[in-house]
Amino acid sequence: MTGAPQPTVVHVPVSDPRVRPLLRELGDEYSRRYGRDAHAEISRYPDEEFTAPHGGVLLLLLEHGAPVAGGAFRRYDATTAELKRIWTHSAHRRRGLARRVVAELEREARTRGYRRIRLTTGPRQPEARGLYLATGYAPLFDTAADPETLGLLPFEKHLPATAAHPGKAARP
């Protein structure tokens, strides 16, 4: 992809119309993989949890104004962000966009004073499991076990300290 322009990173509220394709495709994919309607799971958390005043963020990677990848985090506790909804549009996979989303979310979490990131992924999402292992997340489960017997697969990563905005994440 040498010479191709890098996608633009934008922070948006959940209500931004460019978020709809992310949530729709993610819900459809979860439904296919798990055999039940997963759209309710996608909207499980209040939208405001993914906004700066509540300790969260939702970002998109845009190419030519269209979303190609995205993800979010919410405040888990005073020092921990929880990654949610990491997504790459099906037409844009295998380009490293999910890695870029994770890196952007980690950078933003550090900027906001978070020291740790946690996340869970489902047992039928081997691509997500591989992404998190490849980007330095520690599995909090037995990686030798059959994922189907475990349910959700939790991960965590400790972030290096940053001098910017210390303690900012601790505010509600």
Side-chain angles (χ1 to χ4, degrees), residues 1 6-14 16 18-19 22-23 26 30 41-63 67-89 92-123 125-145 147 150-172:
M1 297 266 155
Q6 287 293 309
T8 304
V9 177
V10 295
H11 293 210
V12 296
V14 175
D16 187 300
R18 296 172 293 184
V19 175
L22 177 155
L23 297 178
L26 196 55
Y30 287 174
E41 166 60 23
I42 299 297
S43 59
R44 181 171 129 188
Y45 300 99
D47 292 353
E48 63 268 9
E49 288 192 22
F50 301 103
T51 64
H54 294 274
V57 70
L58 187 146
L59 62 81
L60 296 175
L61 299 185
L62 303 178
E63 282 186 352
V68 294
F73 66 73
R74 62 189 279 277
R75 181 182 190 271
Y76 183 77
D77 64 32
T79 60
T80 308
E82 180 181 24
L83 294 189
K84 304 299 287 179
R85 315 300 177 238
I86 308 303
W87 165 86
T88 301
H89 188 286
H92 296 277
R93 294 189 178 154
R94 312 288 310 157
R95 295 177 43 201
L97 296 173
R99 280 180 184 258
R100 171 112 187 260
V101 168
V102 170
E104 292 287 343
L105 290 169
E106 289 174 2
R107 183 190 58 72
E108 187 64 30
R110 275 192 314 274
T111 298
R112 293 174 187 230
Y114 290 113
R115 298 297 312 256
R116 181 174 76 118
I117 294 180
R118 72 175 312 273
L119 64 91
T120 58
T121 193
Q125 295 169 257
E127 307 88 347
R129 177 183 169 159
L131 169 68
Y132 302 129
L133 290 170
T135 54
Y137 283 79
L140 303 177
F141 59 92
D142 179 359
T143 58
L150 300 175
L152 291 178
L153 308 177
F155 291 85
E156 76 173 0
K157 185 176 191 177
H158 293 272
L159 301 174
T162 181
H165 305 31
K168 186 172 180 182
R171 289 187 215 136

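- Using a 4.5 Å cut-off on side-chain heavy atoms (C-beta onward), Ile86 and Tyr132 make contact.
- For Tyr114 (side chain) and Gly55 (main-chain N/O), a donor-acceptor pair under 3.5 Å exists by modelled atom type.
- Using a 4.5 Å heavy-atom cutoff, the side chains of Ile117 and Tyr137 are in contact.
- No side-chain donor-acceptor contact under 3.5 Å links Arg85 to the backbone of Leu22.
- Expressed to the nearest 0.5 Å, how far NZ of Lys84 lies from CG of Leu26 amounts to 10.5 Å.
- Here the shortest heavy-atom pairing between Gly70 and Val101 reads O-CG1, 3.4 Å.
- The two residues Pro123 and Pro147 have their closest heavy-atom pair at CB-O, 3.2 Å.
- Within a 6.0 Å radius of OH in Tyr76, no more than 12 heavy atoms belonging to other residues, nucleotides or ligands are found.
- A heavy-atom distance below 4.5 Å is found between the side chains of Leu133 and Pro139.
- For the atom pair NE2 of His158 and OG1 of Thr79, the computed distance is 9.0 Å after rounding to the nearest 0.5 Å.
- Remark: Arg107 engages Glu104 in a salt bridge (Lys or Arg N to Asp or Glu O under 4.0 Å) (not counting sequence neighbours).
- Between Glu82 and Arg118 there is a salt bridge, with a side-chain nitrogen of the basic residue lying less than 4.0 Å from a carboxylate oxygen of the acidic one.
- Take Thr80 and apply the side-chain hydrogen bond (donor to acceptor under 3.5 Å, both in side chains) test, not counting sequence neighbours, and it matches Asp77, Arg116.
- Checked against salt bridge (Lys or Arg N to Asp or Glu O under 4.0 Å), Arg94 has no partners two or more places apart in sequence or in another chain.
- The two residues Trp87 and Val68 come nearest to each other via the heavy atoms CZ3-C, 3.8 Å.
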For this session: Give the C-alpha distance, both sets of side-chain angles, the deciding distance and a yes or no for side chain to side chain contact (heavy atoms under 4.5 Å, CB included) between Asp16 and Val10.
Result: CA-CA 11 Å; Asp16 187 300; Val10 295; over 6 Å; no
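- The side-chain heavy atoms of Glu127 and Arg93, taken from C-beta on, include no pair separated by under 4.5 Å.
- Residues His89 and Leu97 form no side-chain contact, since every pair of their non-hydrogen atoms from C-beta on lies 4.5 Å or further apart.
- With sequence neighbours excluded, the residues forming a side-chain contact (heavy atoms from CB on, under 4.5 Å) with His11 are Val9, Val57, Leu59, Glu108, Arg112, listed by chain and number.
- Counting only heavy atoms from C-beta outward, the side chains of Leu23 and Val14 approach each other to under 4.5 Å.
- Of all heavy-atom pairs spanning Leu152 and Gly122, the tightest one is CD2-CA, 4.3 Å.
- Scanning both residues, Arg110 and Pro160, for their nearest heavy atoms gives CD-O, 3.3 Å.
- A distance of 8.0 Å separates CG in Leu61 from OG1 in Thr88, rounded to the nearest 0.5 Å.
- Sorted by first then second residue, the salt bridge (Lys or Arg N to Asp or Glu O under 4.0 Å) pairs that include residues 131-145, not counting sequence neighbours, number zero.
- In terms of heavy-atom proximity, Leu105 sits nearest to Phe73 at O-CE2, 3.5 Å.
- With sequence neighbours excluded, the residues forming a salt bridge (Lys or Arg N to Asp or Glu O under 4.0 Å) with Glu106 are Lys157, listed by chain and number.
- No side-chain heavy atom of Pro7 sits less than 4.5 Å from a side-chain heavy atom of Leu62.
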